[in-house]
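Read through the structure below, which is laid out as C-alpha cells, and then see the notes.
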There are 4 protein chains.
Amino acid sequence: MTDDPRRPDDTPPRRHAAGEDPQKRGQILAGAWQEFMAKGFDAATMNGICRAAGVSKGTLYVYFRNKEDLFVALVEHRRVQISEQLRAALAVPGGIEARLTAYAAAIIRMLTSAEVLRSQRIVVAMAERMPDLARRFYDAGARQVLNGLGRWLTEAEEAGLLRIPDAERAAHQFVELATAGVWRQYLFGLRSDPPRQGEIDALAADAVRIFMAAHRSPPAG
Amino acid sequence: MTDDPRRPDDTPPRRHAAGEDPQKRGQILAGAWQEFMAKGFDAATMNGICRAAGVSKGTLYVYFRNKEDLFVALVEHRRVQISEQLRAALAVPGGIEARLTAYAAAIIRMLTSAEVLRSQRIVVAMAERMPDLARRFYDAGARQVLNGLGRWLTEAEEAGLLRIPDAERAAHQFVELATAGVWRQYLFGLRSDPPRQGEIDALAADAVRIFMAAHRSPPAG
Amino acid sequence: MTDDPRRPDDTPPRRHAAGEDPQKRGQILAGAWQEFMAKGFDAATMNGICRAAGVSKGTLYVYFRNKEDLFVALVEHRRVQISEQLRAALAVPGGIEARLTAYAAAIIRMLTSAEVLRSQRIVVAMAERMPDLARRFYDAGARQVLNGLGRWLTEAEEAGLLRIPDAERAAHQFVELATAGVWRQYLFGLRSDPPRQGEIDALAADAVRIFMAAHRSPPAG
Amino acid sequence: MTDDPRRPDDTPPRRHAAGEDPQKRGQILAGAWQEFMAKGFDAATMNGICRAAGVSKGTLYVYFRNKEDLFVALVEHRRVQISEQLRAALAVPGGIEARLTAYAAAIIRMLTSAEVLRSQRIVVAMAERMPDLARRFYDAGARQVLNGLGRWLTEAEEAGLLRIPDAERAAHQFVELATAGVWRQYLFGLRSDPPRQGEIDALAADAVRIFMAAHRSPPAG
DNA sequence: AATGAATGAGCATTCATTCAT
DNA sequence: GATGAATGAATGCTCATTCAT
C-alpha cells in the first residue's frame, strides 16, 4: 500500500513508519541477540544493545517498549527461526531406518548448534520469571519434533513395521537416545565446538539401533 | 558450645579467625542459596542475602570477597551436597534389572526435584560467563552417575550378562532413557510438581526394558 | 479557504512564509494550552503538544524556537485573551453601588474559572524562573482591573460620592474584599467547582457594603 | 535508650540507624528546599539536591523513598515551621484595635517573606497533582489564622465591641484587607524585597480602619 | 514548507562495595 | 571481629531537538 510495487527491488523503501522498518528491527534484534546471549537478561544493558545494534537508544525504544518486551520479541523471533529450520531439517525421505537415522542426525546438529544452545540457556534461565515464554519456546522446538516423529511412528506401526504402544513416549525416547548425554554436555558448556560428522553418525546409528531393537515388530506367528 | 569452659582464665576467648567460622559460613551460604535460587545471579542482591542469612554486610564481605566469589562458593557447596545425595541414592542392592530400575527411579527423582532443577537452571544460565563453574557442576552430577553406572555395566558385561561395546555411551543412553523428555520439560518449566510414583515407575521400567533389549547378551552358540 | 481560486494561473499558490500562518499558529497555541495546563511546564512534552495541536514536530519548531519560547508565547496569548474578557466583563452600566456589585461579581467569576486559575497556577509556578513573564501576566489582569476601577473611583470621589485618599489602594482593597479568601482557596485547590450564584451575590454584596462603609463620603457640614 | 543521657550536650550521637539521623535529615531537607524552590518539582533533580545537601545519592534514598516522598516531606516540614512561626507571631496582647493592627502587620510580614512565598508558589504549582498536600498546606496557614482570628472576633462580638454576623467570613476579609493586593504582587514576583516598616504600618492601619468601620457595633439606643 | 524518525544528554533509582564506629 | 551507613557508578528509560526525506 505504501510501497510502489513497480520500483526496482534494490531501491530502499522511501520512509518507514516509526518502529516499522523491518530492516532496522532486524538490526536491533541482532544486537539484542549478541548482548543477551553473551550476558543473560539481567546483565545485558540497553546501552550495550544499542551499541551492538548500531542504533540510538531513542530508536530502540520506538521499536520495543522496554527491555522485557525486547527480550520476549527476540525469543519469539528465534523460536520461529528455529521452528522453520527444524521443519526443513526434518523433511527427509527414505525407508524407515534411513529416515530415523537422518532424523537423529538432524536433531543432534540442531541441538548442538551454538545459536540454539544459547537460546535454550537463556530461556531456561528465565523459565521461572517468564513461564509462558519458556513454554512457547519449548513447544516450538521439542513439541514440533515430537509431534512430527510421533505421527510418523504411528504410521510405521500401522504398516506393521514397529510395535509402539505410546507413540509420544517413544518419540521422546528416540530424541533422547539421539542426543544421549551430548545435549546436556553442550548445555552446561562442557563442549562448544559442533560434533564431527563421524560422531553424529555414530550417535545416530546407535540411537536407531537401540530404538529398533526395542520397538521392532515381532515376527508374526 | 563455642567457648570451652575449661580453658585457663588468662586464655583469650577462642574466637574464629575472620572469615573462618564454619557455622557462620554455612549460614551465609544458606541465605545466598535462598536469594540466588529465587532471583538468579544478577537479580539477587547482597542486601537480600544478608537479610536471608541474618548476617551483616561487613561479615559477608569478610567471608566472601565479592558477589561472584560467593556464588561460586555456593555452587561448589551445592555440587558437593548433590553429589553426596546422589551417591546415597544410587547405592542400591539387587539383581541387574532390579538395580537398573531403582537406579533409573533415583535419577528421575533427583533430576525433577525443585532444588536440583533450580541449581541446574542457574548454572546453565551462567555457563557462558563462568564456564569452569558449569563444568565442575556437571561433573559432580552427571559425571558421577555416568562413572558409577559405567563401572557397573562393565562388570555386568564381564559377567556375560550384557554386551556393551562402549560403557560410557551406554551409561549416557540409560540416563537419557530414564528421564526421556521429562527432564527437558521440567527444565523449561512446563512441569513443576514432582512426578507421581506411578509415572516414575513406568518411566524407569520402560527405560530398563529398552536398555535391556538393546544390550542383552545374545545366547551363546 | 486558504487558496484564492480566482488568482491567475501563473501565480504560484499563496502560501504563508514558514512560521507565518496565523491559523496554524493558533492551532499550535491551542494544543500547547491543553498540554501545559494539564501537566505544567516541565511535565508537558513537545510530542504531547504536537498530538494535541494536530501538527508535526517540524512545524512546531518552525513556529516556535523551543519549548520555553512556545510557553512564553502561550502565556502572552492568554494574557491578551483574559484581558479582553475582563474588559468586556467590567463594562457594566448603572449607579455606583450597582456597578460596584456587578464589578465584584465579574471579578469573582473570572478569578474562580478553571481556565484562569490554571493560567495563574502555572504562571506563579514559573515566576521564579521567568519573572518577566509573570510580571506581564499579572499586569494584564490585576493591573487592568485596578486601573479601570481606580479611574472610576477617582471620578466617584470627584463627584463627591466617595472619599478615597489613595485610589489605587482602594481599588486593591475592593478586589481583595470581593474575592475575600475565596481566590486563595481556589488557587490552592481546596475548591474547584465554580461558586454558585448565591455565593457570588453574597460575597459581592458584602464587599460593596464594607467598601462603602469605609469610603462613603461623610455628610457635608 | 541508645544515647547516654550523661554525655555532654555537644557530643554528637554515636551512631544513628539508617535514615534516622535527624541532623542529616535536616541537611537533606535544606538541600531539597534550595533545589525545589529554585526550579520547581519537575525541574529539580535528585543530583542537584544531593549536591546542595552535601549528601550522596544513596544516603538520600535511605532517608526518602523517592522524589515525591521527599517533596511531600519537605512541604510538610515547612508547613509545621510556618505554622509555629505563625502561632508565635499572632500571640499579641493589647486592646482590640492594637491587637488587630499587630495581627495585620504579622500577617503581612509572614505572607511577604521569601520563604513563605516560595513555599506557596511551589505548592500552588502542584495543587492539581497533589491536592491533599496543597489542602494540608493551606489549612496549616490560612486556616490557622482564620480560626484564631475568628474565635477572637467572636469574643469581641460577645463583649459588644463588634457586630459580626459570620466570624469566618469576617476573618477572611480582614486577612485580605491586610494583604490587600500586596500578596498577589509578591506571589507573581512583581515584588520580592520585603515591604518597609512604613508600608506595613500603613497597610495594617488601613485594614483595621476599614474593618472597624464595617463592623463596629452601633451605639446602643 | 512540512514531516516524523533518529539522536543522545539527562533523569530517577538501585546496589556492590567500603570503612568509620 | 562485627556492623550497617555511606558511596557513586551504572541502569532503564524519556524527551527536546535536529535534519534527511
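All chains are named by letter (A, B, ...) in the order of the sequence lines, taking the proteins before the strands, and each is independently numbered beginning at 1. It should be emphasised that the depicted structure is a prediction, and the values quoted were computed from it without experimental measurement.
- Residues satisfying the side chain to side chain donor-acceptor pair (under 3.5 Å) criterion with C:Arg78, sequence neighbours excluded, are C:Gln81, C:Glu115.
- Against DNA chain F, the stretch residues 38-60 of chain B makes heavy-atom approaches under 4.0 Å through B:Ser56, B:Lys57, B:Gly58, B:Thr59.
- In this structure, the CZ atom of B:Arg65 is 16 Å from the P atom of E:dC19, given to the nearest Å.
- In this structure, the CD atom of B:Glu35 is 12 Å from the C1' atom of E:dC15, given to the nearest Å.
- Distance A:Tyr61 OH to E:dA5 P: 19 Å, rounded to the nearest Å.
- Legend: residues meeting ring-ring contact (aromatic ring centres under 6.0 Å, His included) with A:Phe41, ordered by chain and number and at least two apart, are A:Phe36, A:Phe71.
- Rounded to an integer number of Å, the gap from CD of A:Gln23 to C1' of E:dA5 is 14 Å.
- Under a 4.0 Å N-O distance rule, the pair B:Glu128/A:Lys39 does not qualify as a salt bridge.
- Listed by first and then second residue, the salt bridge (charged side-chain N to carboxylate O under 4.0 Å, His left out) pairs involving residues 58-67 of chain A are A:Arg65-A:Asp69 (not counting sequence neighbours).
- With sequence neighbours left out, the side chain to side chain donor-acceptor pair (under 3.5 Å) criterion links C:Ser119 to no other residue.
- Not counting sequence neighbours, B:Arg135 has no partner by the salt bridge (Lys or Arg N to Asp or Glu O under 4.0 Å) test.
- Residue B:Leu70 contributes atom CG, which lies 14 Å from atom C1' of E:dT17 at whole-angstrom precision.
- Taking B:Arg51 as the reference, nothing meets the salt bridge (Lys or Arg N to Asp or Glu O under 4.0 Å) condition, with sequence neighbours excluded.
- The CG atom of C:Asp21 sits 11 Å away from the P atom of E:dT3 (whole-angstrom rounding).
- Contact check for D:Leu74 versus D:Ile28: no side-chain heavy atoms found under the 4.5 Å cut-off.
- Annotation: of the two residues near DNA chain E, D:Lys67 and B:Lys67, the 5′-most nearest-nucleotide partner is D:Lys67.
- The distance from atom CD1 of B:Ile28 to atom C1' of F:dG1 is 13 Å, rounded to the nearest whole Å.
- Distance NZ (A:Lys24) to C1' (E:dT7): 11 Å, rounded to an integer number of Å.
- Base-pairing analysis of DNA chain E finds the following stems of at least three consecutive Watson-Crick or G-U pairs, with both pairing distances under 3.5 Å: E:2-21 with F:2-21.
- Residues satisfying the salt bridge (Lys or Arg N to Asp or Glu O under 4.0 Å) test with D:Glu68, not counting sequence neighbours, are none.
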